[in-house]
Amino acid sequence: MLPARLAAQPAPVVDLLLVLAMDASGSIDADEFRLQREGLAESVSHPAVVAAIASKPRGAIAVAMTEWGSPGGAATVVEWMAVRDASSARALAEAIRAAPRSRHSYNAIGDAIAHADALIAAAPFRAEDRVIDVAGDGPDMRSILPAPEARDAAVARGITINALAIEVSPVTRFGEPLRAHYERQVIGGPGAFVMVAETRMDFARAMRAKLIREIA
């Protein structure tokens, strides 16, 4: 029997568990992917985002990043990291920049949600607020587990799913704007919302606004 001092310690409590589920599908070329990664790194380390974290009761959140695309192929590319201040935010930003790109075809958002749901369940941190943040430029098309089913399962476990729609095309192949598809098929939970980036260059602004809204 282990001495009490060596017994397993409870997981640290933070204000928010956040999974950033990023599109790495075949529709994202190398330049677009670099814009997306850099925009995300810039967003998580922005002073306004750090200030939003500091304003919370515990002054800390935990973040992991996944990439999605292929059916059943979502991959964790940045493991859970705590963010409490500018220094830890910069460390997360550097981890995002340094992570190798996972290889995907397209476009399985339901499987990405299921992967993120499992990642939250296994997190080395605890939080009452848990969010999956799906960002992409296309609809759910090839999921093994369709997005609405994955969403409903996650919401039933108390997780909120938000989305960032990168609307590089006026409508999806289903004949509707991407934001409408995400509203209908992807988001769920209390206060769930879709943020829109009108172009890929607009990604950093939209992501920063989205993070502040999710944290606050």
Side-chain angles (χ1 to χ4, degrees), residues 18-40 43 64-78 96 99-121 130-157 159-189 192-204 206-207 210-211 214:
L18 176 63
V19 177
L20 302 169
M22 310 305 296
D23 189 348
S25 64
S27 63
I28 309 291
D29 67 24
D31 288 340
E32 292 164 345
F33 183 80
R34 186 168 57 253
L35 275 175
Q36 184 170 283
R37 275 282 183 92
E38 189 57 40
L40 183 58
S43 297
M65 185 174 75
T66 68
E67 289 179 346
W68 56 267
S70 302
T76 302
V77 295
V78 176
I96 288 170
R101 179 176 183 170
S102 54
R103 294 299 173 186
H104 292 283
S105 57
Y106 61 94
N107 227 24
I109 296 175
D111 299 335
I113 293 171
H115 180 90
D117 187 353
L119 190 61
I120 286 173
R130 292 159 291 159
V131 172
I132 298 170
D133 189 341
V134 177
D137 71 351
D140 184 46
M141 295 186 292
R142 302 172 63 215
S143 292
I144 297 169
L145 182 65
E149 294 181 29
R151 172 198 61 202
D152 292 348
V155 169
R157 283 185 278 276
I159 296 170
T160 296
I161 302 165
N162 300 322
L164 195 161
I166 307 169
E167 290 196 329
V168 292
S169 299
V171 295
T172 70
R173 65 176 58 190
F174 302 121
E176 62 183 348
L178 187 60
R179 71 189 80 185
H181 177 83
Y182 283 179
E183 286 169 352
R184 182 168 53 82
Q185 296 275 331
V186 175
I187 69 169
F193 65 94
V194 177
M195 191 76 74
V196 175
E198 301 290 350
T199 66
R200 295 196 191 280
M201 295 298 295
D202 190 37
F203 178 86
M207 178 56 76
K210 189 168 186 291
L211 288 173
E214 286 167 336

Subject >> With L178, the side-chain contact (heavy atoms from CB on, under 4.5 Å) member among V196, V186, V168, T172 >> reply: T172
Original post:
Does R179 come within less than 4.0 Å of E167, counting only side-chain N to carboxylate O?
Top reply: yes
Original post:
Is the closest basic N to carboxylate O distance between E38 and R34 below 4.0 Å?
Top reply: no
I'd like to know if the side chain of [X] reaches the main chain of [Y], judged simply by a donor and an acceptor atom lying under 3.5 Å from each other, with no hydrogens or angles considered.
{"X": "Q36", "Y": "D23", "value": "yes"}
{"X": "N162", "Y": "F193", "value": "yes"}
{"X": "R151", "Y": "I113", "value": "no"}
{"X": "E32", "Y": "D29", "value": "yes"}
{"X": "Y182", "Y": "P139", "value": "no"}
{"X": "T160", "Y": "G189", "value": "no"}
{"X": "D111", "Y": "G72", "value": "yes"}
{"X": "R101", "Y": "E67", "value": "no"}

Let me confirm one number: the [atom1]-[atom2] distance from [X] to [Y], rounded to the nearest 0.5 Å.
{"X": "T76", "Y": "L119", "atom1": "OG1", "atom2": "CG", "result": "4.5 Å"}
{"X": "I159", "Y": "I120", "atom1": "CD1", "atom2": "CD1", "result": "4.0 Å"}
{"X": "M22", "Y": "S102", "atom1": "CE", "atom2": "OG", "result": "11.5 Å"}
{"X": "N107", "Y": "D137", "atom1": "CG", "atom2": "CG", "result": "7.0 Å"}

Original post:
Should R37 and V77 count as side-chain neighbours, where that means a heavy-atom distance under 4.5 Å?
Top reply: yes
Original post:
Does M207 reach the side chain of D133, with side-chain heavy atoms less than 4.5 Å apart?
Top reply: yes
